[in-house]
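Here the structure comes first, spelled out in structure tokens, and everything after it is commentary.
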Amino acid sequence: MRGWRCGTTVPIARAMTTDDPAARLAGVREQINRAARLAGRSDPIELIAISKTQSVPAITSMIEAGQHVFGENRVQEAQTKWPELLEQYSQLRLALVGQLQSNKAVDAVALFDEIHSIDRPSLIVALARAMERGRRPECFLQVNIGEEAQKGGCAIGDLPTLLADARAAELPVVGLMAVPPAGVEPAPYFALLAKIARDNGLSGLSMGMSSDYATAVTLGATHVRVGSALFGERA
Ligand SMILES: *Cc1c(COP(=O)(O)O)cnc(C)c1O
């Protein structure tokens, strides 16, 4: 029963063993609270339920269980699922966490309250123009924290310039986002992202997914993006 002692693994596994969305949600929230206490934190931590590939009924169950913030990785998929839900439920908040093409910037700004995947100057230009229409989603700059060829995000060395561009364009930048390399201990990458944010005067940290959100919270995550631990494995 090693997991009982090491804390982060067992309760996540327990959250996964139930089919009840409310129980899963409670389990994840409990883990976030526990990790925050461990780190001596009392600042708010936003749980983003990543609902990509999930059906409207599955999402509705999670809303009815009390979850209000959701994340999608594709603009087009979000446009098919969310307009009716946004009409039906008030107080929902939507985050875009996947790659964004500049030609979808207007659609993204119209639908989302947070955009976590800003990683290049051309996208900053497109978003700034789209925000002239009035909506101003919170912006996160995505950093390719493991310097992986296939991953989204700007190179670590390019972040200061990208941030300067975003500030010059008056985007409402609140923080940084990253997805660490798969299959290795994520903590050093979370710590590095937190340091880069601190060095650049940013307080928002979007980091941590189903397998590592508790670790991310202990290292300062202000936004965690949790999919399968809430909804079950994606098909
Ligand atoms: C899918 C996805 C998540 C959630 O992944 P899980 O492992 O299911 O929690 C988080 N962030 C991003 C960017 C994603 O694409």
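These numbers were taken from a predicted model, which means no experiment stands behind them. Just so it is clear, the values below take in all heavy atoms, side chains as well, and ignore hydrogens, waters and symmetry mates. Both counts, for ligands and for their atoms, begin at 1 and track the order of listing.
- At least one N or O atom of S228, backbone or side chain, sits closer than 3.5 Å to an N or O atom of ligand 1.
- For the residue pair T222 and E46, no side-chain donor N or O sits within less than 3.5 Å of a side-chain acceptor on the partner.
- Taking the six-membered ring for Trp and thresholds of 30 and 60 degrees, F70 and W82 have ring planes inclined between 30 and 60 degrees apart.
- Atom numbering of ligand 1 starts at 1 in the shown order; those under 4.0 Å from a heavy atom of V226 are 9 (O).
- Near R225, meaning under 4.0 Å from any of its heavy atoms, are these atoms of ligand 1: 4 (C), 9 (O), 10 (C), 11 (N), 12 (C), 13 (C).
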Could you walk me through whether H116 and E138 pass side chain to side chain contact (heavy atoms under 4.5 Å, CB included), step by step? CA-CA 8 Å; H116 289 236; E138 287 187 346; over 6 Å; no
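- Judged purely by atom type and a 3.5 angstrom limit, Q79 has no side-chain atom pairing as donor or acceptor with the backbone of K81.
- Between S211 and ligand 1, a contact under 3.5 Å exists for no N or O pair.
- Between K151 atom NZ and I145 atom CD1 the span is 10.5 Å, to the nearest 0.5 Å.
- Atom-to-atom distance recorded for C139:SG and Q142:CD is 13.0 Å, nearest 0.5 angstrom.
- Per-residue contacts place S210 under 4.0 angstrom from the following atoms of ligand 1 (heavy atoms of the residue considered): 6 (P), 7 (O), 8 (O), 9 (O).
- The backbone N or O of L47 lies less than 3.5 Å from no partner atom in the side chain of R29, so there is not a single donor-acceptor pair.
- Note: no N/O pair closer than 3.5 Å links V97 and ligand 1 by distance alone.
- Protein heavy atom in closest approach to atom 2 (C) of ligand 1: K52 NZ, 2.6 Å.
- Closest to atom 5 (O) of ligand 1 among all protein heavy atoms lies M209 CE, 3.6 Å.
- Using a 4.0 Å cut-off between heavy atoms, R234 contacts ligand 1 through its side chain alone, with no backbone atom that close.
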